[in-house]
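What follows is a short report on a single structure.
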Amino acid sequence: VLVRERFPFHAIEKRYRSRDLAAPRIDESKESDGDPYFSCVLELPGGRRVAVAESGHRPGVEAALDALNASLASVRRD
């Protein structure tokens with residue numbers, strides 16, 4: 001599985017075995033004004049977490065989680 005993180009002036013790419021990744025999940029928190037905020041999170045080996053999608057709109061984050069799970073299921077053979 002290729003994980004690519006993009007930053008303003010550079011990007012980081014690293015490959016992981018799918019079996020070494022924790023199952024992605026949705027974390028819920030609160031924004032500064034008290035509104036709910038949702039993050040689709042993939043935990044990498046070593047405990048590092050990558051936010052795949054973030055929004056105050058849960059259905060959009062759930063769609064990202066579903067797409068990520070489908071992608072991971074297609075490569076869970078290694």
Side-chain angles (χ1 to χ4, degrees):
V1 174
L2 176 65
V3 175
R4 179 181 299 130
E5 294 179 88
R6 295 181 189 165
F7 302 95
F9 300 106
H10 71 284
I12 299 172
E13 290 186 356
K14 187 155 183 186
R15 292 191 182 274
Y16 298 93
R17 290 186 176 135
S18 60
R19 68 176 173 237
D20 295 337
L21 300 173
R25 66 179 186 275
I26 293 180
D27 286 348
E28 183 175 347
S29 60
K30 299 277 183 190
E31 292 184 310
S32 60
D33 61 0
D35 289 339
Y37 194 74
F38 307 96
S39 300
C40 174
V41 177
L42 179 63
E43 189 170 328
L44 305 176
R48 190 154 162 262
R49 297 163 25 120
V50 175
V52 176
E54 298 177 306
S55 176
H57 184 65
R58 186 177 179 105
V61 177
E62 287 176 347
L65 176 66
D66 292 343
L68 180 56
N69 277 326
S71 293
L72 289 173
S74 72
V75 295
R76 288 269 185 212
R77 298 179 211 112
D78 64 352

Subject >> Distance-minimising heavy-atom pair for P45 and L21 >> reply: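 Minimum heavy-atom separation between P45 and L21: CD-CD2, 3.9 Å.
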
Subject >> Non-hydrogen atoms of V75 and S18 that approach each other most closely >> reply: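 For V75 and S18, the tightest heavy-atom pair comes out as O-OG, 3.1 Å.
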
Subject >> Option from E5, R4, R6 for which side-chain contact (heavy atoms from CB on, under 4.5 Å) with E13 holds >> reply: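 Option passing the side-chain contact (heavy atoms from CB on, under 4.5 Å) with E13: R4.
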
**OP:** Run through C40, S74, P24 and flag the one making a side-chain contact (heavy atoms from CB on, under 4.5 Å) with N69.
**Re:**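 Checked C40, S74, P24 against N69; only one passes side-chain contact (heavy atoms from CB on, under 4.5 Å): P24.
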
Original post:
Cluster question for you: counting only ILVMFWY and a side-chain heavy-atom cut-off of under 4.5 Å, with indirect links fine, are L68 and V3 together?
Top reply: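 Same cluster.
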
Original post:
Passes salt bridge (Lys or Arg N to Asp or Glu O under 4.0 Å), E43 versus R49? Steps please.
Top reply: CA-CA 4 Å; E43 189 170 328; R49 297 163 25 120; 5.5 Å; no

Original post:
So V52 and V41, side-chain contact (heavy atoms from CB on, under 4.5 Å) or not? Walk me through it.
Top reply: CA-CA 6 Å; V52 176; V41 177; over 6 Å; no

**OP:** Look up atom CD in E54 and atom CD1 in I26, then write down how far apart they are to the nearest 0.5 Å.
**Re:**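 Those atoms lie 12.0 Å apart.
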
Original post:
If you round to the nearest 0.5 Å, how far is CG of L65 from CZ of F38?
Top reply: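 If I round to the nearest 0.5 Å, the distance is 13.0 Å.
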
**OP:** Please confirm whether the backbone N or O of G60 pairs with a side-chain atom of S55, one donor and one acceptor, at under 3.5 Å?
**Re:**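 Between the backbone of G60 and the side chain of S55 there is no qualifying donor-acceptor contact (under 3.5 Å).
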
Subject >> Test salt bridge (Lys or Arg N to Asp or Glu O under 4.0 Å) applied to E62 - qualifying residues, sequence neighbours left out >> reply: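 Applying salt bridge (Lys or Arg N to Asp or Glu O under 4.0 Å) to E62 gives R58.
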
